[in-house]
Amino acid sequence: MKILVVGGAGYIGSVCAELLLDDGNEVAILDNLSEGHRRAIDPRAKFFEADLEDRARTLSILRDSAPDAVMHFAASALVGESMANPSKYFRNNVANGINLLDALLAAGVPRLIFSSTCAIFGPPERLPIDETMPTRPINPYGESKLTFEKILQWYGQIHGLQFVSLRYFNAAGASAKFGEDHRLETHLIPNVLKVALGEKPHVEIFGTDYDTPDGTCIRDYIHIVDLARAHILALKTEKSGFYNLGTGGGSSVREVIECCRKVSGRGIPSLEKPRRAGDPPRLIASSEKIKRELGWRPQFESLQAIIESAWKWHQNFPRGYED
Ligand code: UFG
């Protein structure tokens, strides 16, 4: 198939592009490189440096690359930033997303795979979180992704656009070539591994008084390659739908740090800090629907395997993609 990966120079998009290419697909990447990195672009892919804000250029790229489907990863994705600058989130994640959808329709591209998030749910009433649970985002980031999901549904109903929306829990780990390097790093695992590499003196633990067994927050970490595989399965179905995507397991912040110590063999000093605003104590996915309907099965179910892959990548790229 011919696939256009929008945001293919970012963390998740780069690994999806790599797997698509490994499977023999033809891949083009569209990215504005605001968060993505030139070195994260698989050299086998054709690259268009462009911004979805530019409607005419977006349409011309869609016509030029004539894909069978588009995967859409390009978004702003920091909860804290969205609370300070909601305009950026609604502009990038909703308005620019509509530009992409309209270009898809004009170019006759029938199918979109969308990168959504568990942040659309807000604090859950029960665990694990399945697709029937109410969506009540508590920040503009989650709201922007939920709004785009609703827009997708209307475009499906009115224009016949086929779509799959995948709501990721905590994406983690790396492929052999591509890994996690955000310009502003807020995520736990890369921050812990930076301490292991000596890039940072200590890792901060945000909150040790949660109602969890060790007092720290629990998250469902899913390997980036398992996540990418879900996108490839989503391409193969004609049905539209929304799917939660995690492993169904939960690891606390302390467990993650301990596992990083074990995998890296380094001390990794930590400092206990107050809670970070907006962190729910536990987020765990039910991925039963995607297993049942698309036949998805995670290959990396242990936290250790996920961290081992991340550690390998960080050792190869100690300062990330930029020298
Ligand atoms: N944490 C620390 N120290 C750090 C970084 C994080 O203690 O240096 C803690 C956080 O407070 C949280 C946990 O580690 O309890 C995980 O934090 P991350 O930032 O790695 O991930 P989040 O669960 O906050 O974020 C993820 C996705 C977001 C998504 C969000 C939904 O990365 O895109 O889940 O809640 F929006």
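Heavy-atom basis, side chains included; hydrogens, waters and symmetry copies ignored. Each ligand, and each atom within it, is numbered from 1 in the order the structure gives.
Selection from N170, N139, I120 by nearest heavy atom to atom 25 (O) of ligand 1 gives N170. Considering only non-hydrogen atoms, atom 2 (C) of ligand 1 lies nearest to F206 out of F206, F169, Y210. Relative to atom 31 (C) of ligand 1, the option among A119, P123, A277 with the closest non-hydrogen atom is A119.
Side-chain atoms of N92 do not come within 3.5 Å of backbone N or O of A75 as any donor-acceptor pair. Panel note: side chain W313, backbone K177; a donor-acceptor pair is recorded below 3.5 Å. N25 contributes no side-chain N or O that, together with a main-chain N or O of V27, makes up a donor-acceptor pair within less than 3.5 Å.
Within ligand 1, counting atoms from 1 as listed, the ones closer than 4.0 Å to a heavy atom of C217 are 15 (O). Those atoms of ligand 1 with a heavy atom of A77 less than 4.0 angstrom away are 33 (O). Residue E204 has at least one heavy-atom neighbour below 4.0 Å for each of these atoms of ligand 1: 2 (C), 3 (N), 4 (C), 7 (O), 8 (O). Atoms of ligand 1 lying under 4.0 Å from any heavy atom of T117, numbered from 1 in the order shown and given with element: 29 (C), 36 (F). Per-residue contacts place I205 under 4.0 angstrom from the following atoms of ligand 1 (heavy atoms of the residue considered): 7 (O).
Using a 4.0 Å cut-off between heavy atoms, K273 makes no contact with ligand 1 at all. Contacts with ligand 1 closer than 4.0 Å are made by side-chain heavy atoms of L283 only, the backbone lying farther away. Contact annotation for L188 and ligand 1: heavy atoms of both the backbone and the side chain come within less than 4.0 Å of the ligand. Only the side chain of V79 comes within contact range of ligand 1, with a heavy atom under 4.0 Å; no backbone atom does. Within the 4.0 Å heavy-atom criterion, the part of C118 lying near ligand 1 is the side chain and not the backbone.
From the protein, the heavy atom lying nearest to atom 16 (C) of ligand 1 is Y221 OH, 3.7 Å. Among protein heavy atoms, the minimum distance from atom 24 (O) of ligand 1 is reached at R276 NH2, 2.7 Å. Of all protein heavy atoms, the one closest to atom 8 (O) of ligand 1 is N191 ND2, 3.5 Å. The protein heavy atom nearest to atom 36 (F) of ligand 1 is Y141 CE2, 2.8 Å. In terms of protein heavy-atom proximity, atom 9 (C) of ligand 1 is nearest to V253 CG2, 3.8 Å. The closest protein non-hydrogen atom to atom 11 (O) of ligand 1 is D279 OD2, 2.5 Å. With hydrogens left out, the protein atom closest to atom 32 (O) of ligand 1 is H187 NE2, 2.8 Å, a heavy atom. Annotation: atom 23 (O) of ligand 1 to nearest protein heavy atom, R219 NE, 2.7 Å.
For R57 and D64, the salt-bridge test fails: no basic side-chain N is under 4.0 Å from an acidic carboxylate O. Residues R275 and D209 are paired through a salt bridge, judged by an N-O separation under 4.0 Å between the basic side chain and the carboxylate. Classification of R38 and E49 as a salt-bridged pair holds, one side-chain N sitting under 4.0 Å from a carboxylate O.
By the 6.0 Å contact criterion, CE on M1 is enclosed, its count of non-hydrogen atoms from other residues, nucleotides or ligands being greater than 12.
By the rule that hydrophobic residues join a cluster once side-chain heavy atoms approach within less than 4.5 Å of another member, V225 and L294 end up as members of one cluster.
A distance below 6.0 Å separates the ring centres of F242 and F163.
Ligand 1 lies nowhere less than 4.0 angstrom from a heavy atom belonging to F121.
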Show, in sequence, the C-alpha distance, side-chain angles and deciding distance for E185 and K194, and conclude whether the salt bridge (Lys or Arg N to Asp or Glu O under 4.0 Å) test is met. CA-CA 10 Å; E185 193 51 84; K194 277 173 195 238; 5.4 Å; no
Can you check salt bridge (Lys or Arg N to Asp or Glu O under 4.0 Å) on E322 and R183, steps first, answer last? CA-CA 10 Å; E322 311 299 336; R183 291 197 167 77; 3.6 Å; yes
From CA spacing to verdict: side chain to side chain contact (heavy atoms under 4.5 Å, CB included), L197, W311: CA-CA 9 Å; L197 284 165; W311 176 234; 3.7 Å; yes
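Using bins of under 30°, 30° to 60° and over 60° for the plane-to-plane angle, the ring pair Y89/Y141 lands in the perpendicular bin.
If you check the side chains of S116 and E149, you find a donor sitting under 3.5 Å from an acceptor.
Of the protein's heavy atoms, at least one falls inside 4.0 Å of atom 6 (C) of ligand 1.
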